[in-house]
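What's counted below: heavy atoms across the whole structure, side chains too, no hydrogens, waters or symmetry copies.
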Amino acid sequence: MEAASRTGSMDSHMTLVVSSKALPTQCRYYLLCRSGLRRHVQIIRVDPATGALKFTQTYGRDMFPTEAQALEFLRHEGPHQILASGSHVLGYVVVAHTGMLLLAEKTRVAATLPGNHHVKAVVTSKWHKIPLQPAMQPGGQGQALDPEAAMSPSQRDEYYRS
């Protein structure tokens, strides 16, 4: 655990989870988000057909006091596995039949602003692929793009304020 987490600072945490039933086509992807500004964990669902991110702001369905309670709720969806975790979501895009999530895996404080606000630099980030169900996805222009082409290495010295 990093020193910043031990001191009780307002760090964010993101966890990518996959829940699967008997068939691989029934996999469901979720992003568990704990914002440094909120006290609860949010479950954001990835629509398996379109890749749209879904959140209803309903306590007990997609908002929970702790990550452990959110994971316990997801156990009802079937067995689940944590695929990745990071401190911030840097981006999300749907290309062809793939959702791609860019997570900041490691950050460092680059500067401290008045009021103890931190500007953080992204040290490492990684793209995570979320396969979508193409049979259910509506056809349209731009569907032939290659997901690999959109996953170029992230730029260094990326900054954000938390």
Side-chain angles (χ1 to χ4, degrees), residues 2 5 10-38 40-58 61-64 67 70-71 73-110 118-162:
E2 295 180 15
S5 298
M10 298 189 316
D11 286 337
S12 298
H13 184 75
M14 310 294 158
T15 305
L16 180 62
V17 177
V18 62
S19 177
S20 61
K21 301 208 177 181
L23 301 172
T25 58
Q26 295 178 331
C27 287
R28 301 289 185 255
Y29 288 83
Y30 305 92
L31 184 61
L32 277 58
C33 304
R34 186 191 75 225
S35 169
L37 302 175
R38 299 183 184 266
H40 55 265
V41 174
Q42 300 171 336
I43 297 177
I44 299 175
R45 291 165 172 73
V46 178
D47 185 279
T50 65
L53 301 177
K54 308 278 184 164
F55 179 67
T56 65
Q57 300 181 6
T58 306
R61 182 170 190 272
D62 53 17
M63 290 187 352
F64 295 89
E67 186 171 318
L71 287 170
F73 175 79
L74 290 180
R75 281 195 184 94
H76 299 291
E77 302 283 325
H80 66 273
Q81 176 184 2
I82 295 175
L83 298 178
S85 61
S87 58
H88 294 82
V89 172
L90 300 177
Y92 177 76
V93 66
V94 176
V95 178
H97 303 295
T98 304
M100 296 183 306
L101 177 71
L102 180 60
L103 283 179
E105 294 180 331
K106 186 175 180 185
T107 60
R108 66 175 173 79
V109 175
H118 294 146
V119 175
K120 295 184 180 181
V122 176
V123 177
T124 58
S125 61
K126 184 176 179 184
W127 284 101
H128 300 277
K129 293 182 184 179
I130 300 172
L132 303 176
Q133 298 170 2
M136 297 174 63
Q137 193 172 29
Q141 296 183 15
Q143 295 290 331
L145 294 176
D146 179 17
E148 296 295 329
M151 294 174 53
S152 63
S154 64
Q155 299 290 325
R156 296 293 175 229
D157 298 328
E158 298 171 14
Y159 295 91
Y160 60 91
R161 182 186 151 309
S162 64

Quiz item: Taking all non-hydrogen atoms of both residues, which atom of G86 and which atom of L103 are closest, and how far apart?
Solution: N-CD1, 4.3 Å
Practice problem: Any chance you could measure R34, atom CZ, to S87, atom OG, to the nearest 0.5 Å? | Solution: 10.5 Å
Practice problem: Determine the minimum heavy-atom distance between C27 and Q133, stating which atoms define it. | Solution: O-NE2, 4.5 Å
Quiz item: Once you round to the nearest 0.5 Å, how far does CZ of R108 lie from NE2 of H118?
Solution: 13.0 Å
Exercise. Can you sort out the partners of H13 under side-chain hydrogen bond (donor to acceptor under 3.5 Å, both in side chains), two or more places apart, ordered by chain and number?
Key: T15
Quiz item: Closest heavy-atom contact between E105 and S85?
Solution: CG-O, 4.2 Å
Quiz item: Just how far is it from atom NZ of K54 to atom CG of D47, taken to the nearest 0.5 Å?
Solution: 5.0 Å
Quiz item: Q81 and L83: side-chain contact (heavy atoms from CB on, under 4.5 Å), yes or no, with the steps?
Solution: CA-CA 6 Å; Q81 176 184 2; L83 298 178; 4.1 Å; yes
Quiz prompt | Interatomic spacing from CG in L16 to CD1 in I82 - rounded to 0.5 Å | solution = 9.5 Å
Practice problem: For G78 and S19, work out which heavy atoms get closest and say how close. | Solution: O-OG, 3.5 Å
Quiz prompt | From CD (Q57) to NE2 (H40), nearest 0.5 Å | solution = 8.5 Å
Quiz prompt | Set of side-chain hydrogen bond (donor to acceptor under 3.5 Å, both in side chains) partners for T56, sequence neighbours left out | solution = T58, D62
Quiz prompt | By side chain to side chain contact (heavy atoms under 4.5 Å, CB included) - contacts of L53 (at least two apart) | solution = I44, V46, Y92
Quiz item: Taking C-beta and beyond as the side chain, do V94 and T50 meet within less than 4.5 Å on heavy atoms?
Solution: no
Quiz item: Can you tell if the side chain of L101 reaches within under 4.5 Å of the side chain of Y29, non-hydrogen atoms only?
Solution: no
Practice problem: Could you grab the distance from atom NE2 of H80 to atom CZ of R75, nearest 0.5 Å is fine? | Solution: 4.5 Å
Quiz prompt | Heavy-atom side-chain proximity of L74 to F64 below 4.5 angstrom | solution = no
Quiz prompt | Over all atoms of both residues, closest heavy-atom pair of E67 and V41 | solution = N-CG2, 3.4 Å
Practice problem: Would you mind telling me which of R61, R45, M63 makes a side chain to side chain contact (heavy atoms under 4.5 Å, CB included) with F55? | Solution: M63
Quiz item: Nearest heavy-atom pair of A104 and T107: which atoms, and what distance?
Solution: CB-CG2, 4.1 Å
